[in-house]
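Right, one structure below, let's go through it.
Computed from a predicted model, the values in this text were never measured in an experiment. Any value given below was found using the heavy atoms of this structure, including those in side chains, with hydrogens, waters and symmetry copies removed.
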Amino acid sequence: MRKDEMFDTKKTKVALDVTNLNNFVYDMQHCIKCKGCYWVEHTYMPGVNFSVRCPSNLWNDFDSYGAFGKMRIGLAVEEGKLQWTDKLLEIIYADPLCGACDVGCKRNLDLEIELTLEALRIKAVKDGAGPMPAHKKIAKNIATKHNQFGSPHENRKKWITKDVKVAEKADMVYFVGCSASYVNPEIARATAKVLNASGNKFMLMSDEWCCGNTLYSVGMIDEARELAKRNVAAVKKTGAKTLVTSCAEGYRMWKVDYPKLLNISTSDLGFNVVHLIEVADEAIKSGNLKLTKAVDVRFTYHDSCGVSRLSDPWTPWKGERGWMGTVNPPLKRRRGKSGLYAQSRNILNAIPGAKFVEMPRIRENAFCCGAGRGVKEAFPDLASFSANHRLDEVKSVSAEVLVSACPWCKSNFSQAVKANGDSVNVMDIAEIISAALER
C-alpha cells in the first residue's frame with residue numbers, strides 16, 4: 001500500500017482571513033466538545049467556585065450558546081445546511097467574543113475559535129442577515145456623528161478641564177475613544193493627569209472619530225476597514241510615534257483588529273499602540289511617576305479582555321494545511337500570553353496604603369464583564385448577568401473597590417452595582433493611579 005493511501009496527504013490552502021468562513025472549516029470540524037472553552041482547568045483554580053470561563057454558556061446552558069455548539073452551527077452554515085433565523089442570530093450575537101474559549105482551546109487543540117466566531121458574524125452580515133437592529137443603530141451613529149452614542153461630534157473634547165495640559169505637538173497622541181469622551185469623562189481626565197504627572201507630553205487628534213470596535217465586532221467589516229484606513233492615516237499625519245489609549249476595547253482594536261483589517265502586522269502600523277497601563281508602569285519604574293498619596297482601601301483587579309487575552313499582536317498568515325492538521329509555514333498561535341498582566345499588578349502593588357487582593361479567575365482566565373463586542377446594546381440581560389456573576393467573585397474576596405482598565409467594564413459593573421444596591425465601588429485604573437498622586 002502506498003503512503004498516500006495509508007495517510008491523507010492532501011494539502012489545502014488556508015489563511016487566517018476572517019472574511020472567508022471556509023478558512024476555519026478544519027477548526028469547526030475538529031472541535032471535540034471537551035468543554036475546555038467552558039471550564040477553567042483545575043490546575044489554575046483554587047476550588048470549584050467560579051470555575052466557568054464562558055459568560056454566554058453560563059447565561060444560557062444550551063450547547064448552542066457555547067463555543068462547541070457554535071462550531072457545529074458554523075459548519076452547517078458554511079455547508080449550506082442551516083439558514084439564518086432570528087434564533088440563530090441571537091445565538092451568534094449573544095456572545096461578548098471575550099476570547100476565553102480561544103485561550104482554553106489553545107491549551108488543548110490549538111483551534112482558532114475566536115477567529116471562527118468573528119468570521120461567522122462577517123458571513124451573517126455578507127448574507128444580509130446580520131447584524132442585530134441595535135447594532136445597525138450604532139453603525140448609523142458612527143456614520144453620522146462619528147461616535148457610537150450619537151452624541152454631538154463637537155462635544156468630543158468637552159472632557160478637558162483647565163488643569164489638563166495638552167501639547168500642540170508631541171511624540172505621543174492620546175486616543176480618548178467614544179466612552180471616555182462622552183460617557184466616562186472622568187477616565188479621560190484621570191488619564192491626562194497621569195500622563196502629565198509622569199512627564200509624558202501628549203497631543204490629541206484634531207478630529208478624533210470612533211475606532212469602530214463595535215462595527216468590526218458585529219461583522220460589519222467593510223465599514224470597519226474604511227474607518228481603520230481613515231484613523232491610521234490621521235495618526236500618521238500627526239507624526240506621533242506612540243498612540244496611547246485608556247480603553248481596553250480601543251487598545252485591542254488599534255493593536256490587533258486594525259492590522260487584521262489592513263492585512264498587515266501590528267509592527268507595520270507605523271506607530272506603537274500602548275495602553276496607559278504600560279506608560280504608567282514604565283514611569284513608575286523609572287521614577288518619573290511617584291505614587292505617594294495613601295489610598296486606604298482593599299481592592300481587586302478585573303483583567304479586561306482587550307488588555308489581556310485578546311491583545312497578542314497580529315501577524316497575517318497564509319499557507320497550507322496538511323496531514324493531521326499540520327501547517328506550513330509554521331504558525332505562531334496567539335495564546336493570550338502578551339496581555340498587560342504584570343504591568344497592571346506592578347502599578348496596583350505600588351499604590352501606598354492599598355491592599356490588593358486577587359480574585360480566583362485572573363489573567364487569561366478572567367471572567368468577562370459581558371458588555372463588549374455589541375452585547376450591551378443588543379443583549380443587556382446577558383451583560384447584566386455577566387457583571388453580577390463577576391461581582392459575586394469580587395465579594396468573595398471581600399474587596400471594597402473593583403478596578404478595571406476599560407470604560408465599558410466600569411460602566412457595566414457600575415450599573416450592576418447600582419441596580420443591586422451593592423456597596424462595592426468601581427474605579428478605572430487611571431482613577432486609582434490619579435488618586436495616589438499628590439496634588
Side-chain angles (χ1 to χ4, degrees), residues 27-77 81-82 84-109 111 113-114 116-118 120-121 124 130 132 134 217-218 302 305 309-310 359-362 364-396 412-413 415-416 419-420:
D27 304 271
M28 294 186 286
Q29 285 177 334
H30 287 78
C31 168
I32 60 172
K33 296 188 76 171
C34 68
K35 300 195 78 170
C37 55
Y38 180 77
W39 299 106
V40 179
E41 299 92 324
H42 70 279
T43 51
Y44 293 89
M45 295 301 297
V48 297
N49 293 329
F50 308 114
S51 56
V52 174
R53 70 167 88 243
C54 177
S56 306
N57 206 190
L58 187 63
W59 176 64
N60 188 314
D61 56 8
F62 276 92
D63 281 9
S64 56
Y65 288 83
F68 47 95
K70 289 169 191 166
M71 293 304 100
R72 281 150 183 76
I73 287 172
L75 195 60
V77 168
K81 297 177 181 177
L82 193 61
W84 295 109
T85 63
D86 290 344
K87 176 54 70 174
L88 179 51
L89 289 173
E90 176 193 306
I91 288 168
I92 69 164
Y93 282 110
D95 181 346
L97 296 184
C98 67
C101 55
D102 193 70
V103 297
C105 187
K106 284 189 170 67
R107 288 176 183 155
N108 299 291
L109 298 178
L111 302 179
I113 306 301
E114 181 78 10
T116 302
L117 295 175
E118 291 179 1
L120 188 56
R121 292 187 178 187
M132 306 294 286
S217 296
V218 303
H302 168 74
C305 308
R309 56 185 168 239
L310 290 177
M359 288 184 277
R361 290 171 294 189
I362 61 172
E364 67 267 30
N365 297 315
F367 193 82
C368 178
C369 82
R373 317 299 295 269
V375 169
K376 183 70 174 177
E377 297 81 8
F379 300 96
D381 290 348
L382 170 54
S384 297
F385 172 88
S386 189
N388 282 320
H389 181 70
R390 187 64 159 163
L391 286 168
D392 285 342
E393 194 172 358
V394 173
K395 296 170 196 172
S396 77
N412 199 38
F413 284 131
Q415 289 170 18
N420 297 336

Practice item. Indicate yes or no: at least one non-hydrogen side-chain atom of Arg309 is less than 4.5 angstrom from one of Cys98. Key: yes
Point to revise | Over all atoms of both residues, closest heavy-atom pair of Pro55 and Leu382 | key: O-CD1, 3.9 Å
Check your understanding: Can you find a pair of side-chain heavy atoms, one from Pro360 and one from Glu393, that are under 4.5 Å apart?
Key -> yes
Point to revise | Trace of the side chain to side chain contact (heavy atoms under 4.5 Å, CB included) decision for Cys54 with Cys101 | key: CA-CA 7 Å; Cys54 177; Cys101 55; 6.0 Å; no
Check your understanding: Is any NZ, NE, NH1 or NH2 atom of the basic residue among Arg373 and Glu118 found under 4.0 Å from an Asp or Glu carboxylate oxygen of the other?
Key -> yes
Exercise for review: Report the distance from atom CG of Asn60 to atom CG of Asp381, rounding to the nearest 0.5 Å.
Suggested key: 11.5 Å
Check your understanding: Any side-chain heavy atom of Arg361 within less than 4.5 Å of one from Tyr44?
Key -> no
Review point. When you check the gap from the basic side-chain N to the acidic O, do Lys70 and Asp95 get nearer than 4.0 Å?
Key: yes
Check your understanding: Looking at Leu58 and Phe367, what are the two nearest heavy atoms and their distance?
Key -> CD2-CZ, 4.0 Å
Point to revise | Note, Leu88 side chain near Val77 side chain (heavy atom, < 4.5 Å) | key: yes
Review point. Are Asn412 and Ser386 side-chain neighbours, meaning at least one heavy-atom pair lies under 4.5 Å?
Key: no
Extract all donor-acceptor atom pairs below 3.5 Å that involve side chains of residues 34-42 and protein atoms in other chains or at least two apart in sequence.
from, atom 1, to, atom 2, distance (Å)
Glu41, OE1, Arg53, NH2, 2.6
Glu41, OE1, Arg107, NH1, 2.9
Glu41, OE2, Arg107, NH1, 3.3

**Study point:** pair Met132-Glu377: side-chain heavy atoms closer than 4.5 Å
**Key:** no
Point to revise | Stepwise salt bridge (Lys or Arg N to Asp or Glu O under 4.0 Å) check, Asp63 with Arg72 | key: CA-CA 10 Å; Asp63 281 9; Arg72 281 150 183 76; over 6 Å; no
Check your understanding: Can you tell me how far OG1 of Thr116 sits from CG of Leu111, rounded to the nearest 0.5 angstrom?
Key -> 8.0 Å
